[in-house]
Amino acid sequence: MRLDKYLSESGIFSRSEAGKAIRSGRIAVDGSVLRDPSKHIPETASVTCDGKPVVWSRYQYIMLHKPAGYVSATEDKGRTVMDLVPPACTRLGMFPCGRLDIDTTGLLLITNDGPGAHNWLSPKHHVTKTYRFTCALPLSQEARSRMENGLELGDFTSLPASVHMDTPQSGEITITEGKFHQIKRMFAAVENEITSLKRVQFGPLVLDDALEPGQWRYLTAEEIRALQDVWKKETEQ
Ligand code: URA
């Protein structure tokens with residue numbers, strides 16, 4: 001692929017900025033400075049910008065610690081999660097994989113891997129999502145059992161959830177589907193109310209403790225592999 005394309009798809013430059021960086025001698029490929037933006041390099045080449053490695057991959061993946069007050073969308077009248085990540089993410093066609101309510105915080109995957117997102121969000125694949133919650137009233141054993149057995153919610157019956165309590169009004173709930181306002185609706189169905197909700201796990205991804213609300217980081221190669229395995233395991237079945 002062309003060197004300027006490699007750099008712009010890595011997210012660090014636009015195509016024209018990449019051209020300037022290349023011509024000014026900031027880019028080395030396999031140890032040699034290249035000054036021709038149209039030069040073709042293999043995807044496996046070792047590329048540096050100002051001596052720092054630049055890694056190209058077909059898709060980009062970001063873990064965002066979503067704060068309250070942001071909409072999980074690429075466009076909205078209000079603030080969106082895309083306002084929290086570098087502008088290059090929008091240029092690269094990245095979008096939030098799934099949605100958290102405006103007042104829900106925690107782990108949100110932002111990617112431009114359309115086929116991957118389709119699979120991780122598909123109800124067929126039962127990707128688990130774990131949320132820490134607090135609720136308005138103590139959650140009774142009966143209410144927990146109803147959630148663990150599947151709850152009738154009007155337009156659908158939720159699949160069995162797993163619920164672990166830390167205190168009578170807080171704990172963790174894991175669900176394997178992602179219907180609109182699902183957890184709030186499950187608590188409402190047992191005459192309770194969610195007072196805070198934070199996603200701490202999405203499939204194999206665990207919210208990085210080092211990320212404060214509003215902060216993000218790229219997924220590691222290992223995390224990307226684990227995500228891709230979710231899908232591979234399903235297609236092998
Ligand atoms: N369930 C909800 O009710 N809200 C969320 O944001 C996520 C799951």
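As the structure lists them, so they are numbered: ligands from 1, and atoms in each ligand from 1.
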> If you count only heavy atoms, which residues are under 4.0 Å from ligand 1?
Replying inline: L100, D101, T104, Y131, H181, Q182, I183, K184, L197
> Any sub-3.5 Å donor-acceptor pair from K129's side-chain atoms to V127's backbone N or O?
Replying inline: yes
> Can a salt bridge be assigned to the pair R199 and D101 using a cut-off of 4.0 Å between side-chain N and carboxylate O?
Replying inline: no
Expected list for residues 187-194: side-chain donor-acceptor pairs under 3.5 angstrom, two or more places apart:
unit_1	atom_1	unit_2	atom_2	d
N192	OD1	A136	N	3.4
N192	OD1	L137	N	3.1
N192	ND2	L137	O	2.8

> In Å and rounded to the nearest 0.5 Å, what is the OG to CZ distance from S162 to R144?
Replying inline: 9.5 Å
> Can a salt bridge be assigned to the pair D4 and R2 using a cut-off of 4.0 Å between side-chain N and carboxylate O?
Replying inline: yes
> Taking NZ, NE, NH1 and NH2 as the nitrogens, is one of them in K198 or E172 under 4.0 Å from a carboxylate oxygen of the other?
Replying inline: no
